[in-house]
Engineer: 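Okay, handing you the structure first.
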Amino acid sequence: MTDPLLDGLNPEQREAVTLPDQNALVLAGAGSGKTRVLTSRIGWLIREGRATPGSILAVTFTNKASREMLSRIESVLKVNTRGMWVGTFHGLCNRMLRVHAADAGLPSGFQIIDQADQLSVVKRVMKSAGIDKETIEPKIVQHFINQHKEAGERSSDIRSLDARTPNGAVSLELYRLYEKLCMAEGVVDFAELLLRSYELLQRNELIRRHYERKFSHILVDEFQDTNVLQYRWLKTLAGYGIPGMAREPGITNSIFAVGDDDQSIYAFRGANVKNLTDFTRELGVDHVVRLEQNYRSTGHILDAANALIGNNTGRLGKNLWTDSGKGEKLRVMPTGSGEAEAQFVANEIEAEHLRGRKYEDFAILYRSNAQSRALESILMSAGIPYRIYGGHRFFERAHVKDALAYLRLVENPNDNTAFLRAVNTPTRGIGAKTLEGLSAAAETAGVSLMTAAKNSPTKAAAFSDLILNIRDKIADLPLVEAVKVVIESSTLRAAVEAADKKEHTAKAEDLDEIANAAAAFLKNAEIDEKTPALLPVSEDELSPLSAFLALATLEAGDNQSEAGADAVQMMTVHAAKGLEFPVVFITGLEENLFPHASAMRENGDSGLEEERRLMYVAITRAKRRLYLSYAAVRFINGQRQDEMPSSFLDEIPQEHLEWLADPQAASRESWASSSGSWGRGGDEPHRGRASYGHWGERRSDSESRGSGDRGTFTGNAYTWSPKGKDASYNGSKDEPLLKKRKAGPDGWQAGQHVKHPKFGKGVIVSVIDSGDMTKLQVAFVGGGVKQLLAKIAKLEKI
Ligand code: ATP
Ligand code: MG
């Protein structure tokens, strides 16, 4: 009999899925099936009657991951998963606080503010306290606040300050004022969601007991990245968090955690890998399950990752192997500049796309967000669709946030942050002076800006009337209608159209899209679409509008707009955690960029080890093919900088690498200037380094790290076999690459063996089909790949 939950799992995975009810840890490397085990276990618990959906709480790393988990469980089990609590720490804490807002000391319609809004609140606090940014940077204050919240400390808990904290006393006072302001305005930042919820559980025994009994099974993915407070929150839910008590009597629920110490990449945000060892000790985990088979990547990729991470110290240690064969070597591409690197990436993607790979099979990873710009502009001009995952997504776009500010203000007129964002957007001639006066008046009278504005003799009074009128107008309207009315009345659309000097711009479309997002939200949340927007509906007494706004803030971190379209995926390495892609590019592999200089400057060796874990995460995202690229020159903050290849490249044994170009040539020339010149065929010598030849290995590691020496190219060490490569790509257990291999107009086909009068024998690697201008990429046996114009290249089929 087939068992959709257990079939196909290896014995260790099966053991983990079917463990008895006890605290357990699965400690295993990347791609070994941890997430799959966790999802299967939830399904198994329900199916076996050990748990009901309502008794399960599962923590995922992103909202997207939680949606995937739910749909996987639903597809196997046909159960309604609505009662299940699956989400990120933030999402779960939000859910809990909505139900118990009053007990948690929050207004029922509290709004969540994101990092950017938080910074603007900090700035306001600093302003009213008369502290300028020369004294202390608002960002440093923000960091101070978040760091303490994530360690579970309120301003009143901080007794002594670390002497190394610059301006500690000022920061502490600002933290205190910040807390006060957030309370007065009914807004909650991300760290606060967790701290509040933790305090609620700690202080309110009845509520704690309720959840301890409700959640018989608590499951946590990516456990290595939980911070101190998250770990305490989990322990509290399992009855272990009460000071002076080993475990609360009568509590029998259990925590099932999966993680990988080698993938701990949030130490800079307070995540603590020590939680892994603490967990086994404090919660009496006597059996740690280890999974050793990797199902994601082929051999060279996995071996490269293992070798790299082997340079870290203090690892918990594990072996990973794969039975999917060696696969392809990692392709290393030295380039002359950031643009040349981007061009290379675009060329490779296009060539592979023409051979039938979908765009969505490619991921481009980078260490810092700023690197995406060069990549974006070249992908855009090459007409390659892409999607940025983790950058400025829909709900984070400035004009969308403007519209949300109106919605927030209509929902809660006391939300001063929203007030300040909306009051002069579009411009209403309300100047900074007026606003300062209003702030002072509001503070003296202890009222919100909205109330102060209403009674003021300024233009802000009209704004106040506008908002209160809109509030009346939408009182009986359902959400989607209400959203439309608010956006219409805000006159934001006219303003963005005027600014762009035309109608129906992308920004205007974004504003219209908010109503669609609201409709989709109602559907997902199963809220009757006719329910008035301001009327509390759910068990947690949230109006549809509040619930929608909470979702918009919490999900801004996930990419959800434009989902489904075939597009290349771009993201930072941090955002790639837990994901996998057939083809991955790791770009910007330069010393000080990756590993990043700041991480090493601030944290020395431990900083370097964290960067190495990050590189381990990056490498292990790839299923079949991995490119590693770097540039000899890069513009950083407008400054031209000479770059050295990343030391991580030296930590991967050469046997796993295949160099696509001569590293010295890349540093000598700006590849950008020649990358556009296609070879014109045999009559003319091939100009510049328009294409990337396949070069032999660099010599020894130590040699290649010499001063200014970018590695030694050993001439003719040509090792590439196109036939073999095709075969291994095709033979993978992945979908076949060459499904719809295109033939050029003259029947040119990738894989075709050819002969050229000058370059000799070779094989067509790709056909870039555009009629008369069709270009062929040919790998010649004598060395190098050339791109030739089919029409004039004197190529002969052999
Ligand atoms: P990471 O550490 O990167 O989060 P992970 O350990 O969570 O990785 P999964 O994402 O669960 O690994 O699994 C990696 C891939 O291997 C997925 O595509 C998954 O479907 C597949 N996989 C896991 N177990 C098996 C198995 N027993 N047989 C076949 N494929 C498997
Ligand atoms: Mg995983």
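Because the structure is a prediction, the values reported are computed rather than measured. Counting convention: from 1, in listed order, for ligands and their atoms alike.
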Engineer: Evaluate G31 for polar contact with ligand 1, using N/O atom pairs at a separation under 3.5 Å.
Structural biologist: yes

Engineer: I'd like to know if D261 pairs up with R315 as an ion pair, taking the criterion as any Lys NZ or Arg NE/NH1/NH2 lying under 4.0 Å from an Asp or Glu carboxylate oxygen.
Structural biologist: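 Answer for the salt bridge query: no.
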
Engineer: Would you tell me which option among E12, Q293, E222, K34 has the nearest heavy-atom contact to atom 5 (P) of ligand 1?
Structural biologist: K34

Engineer: Should you measure from each heavy atom of G578, which atoms of ligand 1 turn up under 4.0 Å away?
Structural biologist: 4 (O)

Engineer: Compute the shortest N/O to N/O distance between D260 and ligand 1 and return yes if it is under 3.5 Å, no if not.
Structural biologist: no

Engineer: With under 30° as parallel and over 60° as perpendicular, where do the rings of F223 and Y231 fit, or are they tilted in between?
Structural biologist: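 Judged by the thresholds at 30° and 60°, the geometry between F223 and Y231 is perpendicular.
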
Engineer: Quick check, are the ring centers of F256 and H217 under 6.0 angstrom apart?
Structural biologist: no

Engineer: Any salt bridge between E282 and K235, counting N to O under 4.0 Å?
Structural biologist: yes

Engineer: Within a distance under 4.0 Å of any heavy atom of L9, pick out the atoms of ligand 1 and give their elements.
Structural biologist: 27 (N)

Engineer: Which one of F61, Y616, Y295 has a non-hydrogen atom at the shortest distance from atom 16 (O) of ligand 1?
Structural biologist: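 Looking at heavy atoms only, Y295 sits closest to atom 16 (O) of ligand 1.
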
Engineer: When you compare ligand 1 with A30, is there at least one nitrogen or oxygen pair between them that comes in under 3.5 angstrom?
Structural biologist: no

Engineer: Do K623 and F581 meet the cation-pi criteria used here (NZ or CZ under 6.0 Å from the six-membered ring centre, within 45° of the axis)?
Structural biologist: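 Ring-cation test returns no.
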
Engineer: Under a 3.5 Å threshold, yes or no: a donor from one side chain and an acceptor from the other, between W44 and T18?
Structural biologist: no

Engineer: By number and element, which atoms of ligand 1 are closer than 4.0 Å to a non-hydrogen atom of G33?
Structural biologist: 5 (P), 6 (O), 9 (P), 11 (O), 12 (O), 13 (O), 23 (C)

Engineer: For ligand 1, which is the ligand I care about here, please tell me if G8 has any N or O atom under 3.5 Å from one of the ligand's N or O atoms.
Structural biologist: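 Among all N and O atoms of G8, at least one is under 3.5 Å from an N or O of ligand 1.
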
Engineer: Output yes when K358 and D361 qualify as a salt bridge under the 4.0 Å nitrogen-oxygen rule, no when they do not.
Structural biologist: no

Engineer: What I want to check is whether the side chains of N294 and T322 have a donor and an acceptor closer together than 3.5 Å.
Structural biologist: no

Engineer: Minimum distance, heavy atoms only, to atom 3 (O) of ligand 1: which one of E580, R621, K577 is it?
Structural biologist: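 Nearest heavy atom to atom 3 (O) of ligand 1 lies in R621.
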
Engineer: Considering only heavy atoms of G29, which atoms of ligand 1 have at least one such atom less than 4.0 Å away?
Structural biologist: 6 (O)

